[in-house]
Enquirer: 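Below is one structure. I have some questions about it.
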Amino acid sequence: MAGLTKPVRYTLFFLIIFTCIVYVWFIFGGANKEYVVTPVNSTYNLIDDTGQNGATESSLTIDRSGALLECNIVNKAQWLFVRLPYH
């Protein structure tokens, strides 16, 4: 059992150091990333539950000011959803 304590100590030491490094990176703005999705740099698909015999009505309008997604979700299909994937 004494041989197990040394690897455990090294593992704990590594995890503590790694946690401190990631925390400092986060505090100094390493995670501040922003991706703006616009009609210029993306394409949109509108997917809803009509493929599963649902009655959801959805529409997507794209103009210069942005995108407008309108949904009228009807409780007919087993899984109700509207999804807007972009590429």
Side-chain angles (χ1 to χ4, degrees):
M1 198 69 175
L4 183 63
T5 58
K6 196 170 190 177
V8 170
R9 275 193 275 172
Y10 283 131
T11 303
L12 283 175
F13 178 74
F14 171 76
L15 289 175
I16 290 169
I17 295 298
F18 180 76
T19 302
C20 291
I21 290 170
V22 170
Y23 180 71
V24 169
W25 172 77
F26 179 79
I27 292 296
F28 284 110
N32 287 340
K33 302 281 188 242
E34 183 175 323
Y35 180 72
V36 178
V37 178
T38 64
V40 174
N41 65 4
S42 302
T43 58
Y44 303 96
N45 282 339
L46 186 59
I47 302 171
D48 56 22
D49 62 6
T50 55
Q52 299 176 354
N53 298 324
T56 297
E57 298 173 0
S58 57
S59 66
L60 177 65
T61 308
I62 300 173
D63 58 13
R64 282 190 209 154
S65 62
L68 175 65
L69 173 64
E70 296 182 77
C71 303
N72 182 17
I73 297 178
V74 179
N75 190 7
K76 183 179 177 188
Q78 182 178 4
W79 300 101
L80 311 173
F81 68 92
V82 174
R83 188 171 73 184
L84 181 64
Y86 60 91
H87 305 280

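We count residues from 1, following the sequence as given. Note that this is a predicted model, so its numbers are computed, not measured.
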Enquirer: For Ser59, what residues pass the side chain to side chain donor-acceptor pair (under 3.5 Å) criterion, not counting sequence neighbours?
Expert: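 Side chain to side chain donor-acceptor pair (under 3.5 Å) list for Ser59, sorted by chain: empty.
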
Enquirer: If the condition is side chain to side chain donor-acceptor pair (under 3.5 Å), which residues does Asp49 pass it with, not counting sequence neighbours?
Expert: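 Per chain and number, Asp49 pairs via side chain to side chain donor-acceptor pair (under 3.5 Å) with Thr56.
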
Enquirer: Could you measure the distance from the CG atom of Leu46 to the OG1 atom of Thr61? Nearest 0.5 Å is fine.
Expert: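 That separation rounds to 10.0 Å.
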
Enquirer: Checking one residue: Tyr10. Which other hydrophobic residues are in its cluster under the side-chain 4.5 Å linking rule?
Expert: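 Tyr10 clusters with nothing; isolated.
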
Enquirer: To the nearest 0.5 Å, what is the distance between CG (Leu60) and CG (Leu68)?
Expert: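 Answer rounded to 0.5 Å: 8.0 Å.
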
Enquirer: How far does CG of Asp48 sit from OG1 of Thr50, to the nearest 0.5 angstrom?
Expert: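 Spacing of CG (Asp48) from OG1 (Thr50) equals 4.0 Å.
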
Enquirer: Which residues satisfy the side-chain contact (heavy atoms from CB on, under 4.5 Å) test with Gln52, sequence neighbours excluded?
Expert: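 Result, side-chain contact (heavy atoms from CB on, under 4.5 Å) vs Gln52: Trp79, Phe81.
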
Enquirer: Could you list the residues that satisfy side-chain contact (heavy atoms from CB on, under 4.5 Å) with Asp63, not counting sequence neighbours?
Expert: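 Checked Asp63 against side-chain contact (heavy atoms from CB on, under 4.5 Å); matches are Ser65.
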
Enquirer: For residues 14-30, please give each side-chain donor-acceptor pair under 3.5 Å, one per line with the distance, not counting sequence neighbours.
Expert:
unit_1	atom_1	unit_2	atom_2	d
Thr19	OG1	Leu15	O	2.7

Enquirer: Specify the closest pair of heavy atoms between Lys76 and Ala55, including all atoms of both residues, with the distance to one decimal.
Expert: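 So the two residues come closest at CD-CB, 3.8 Å.
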
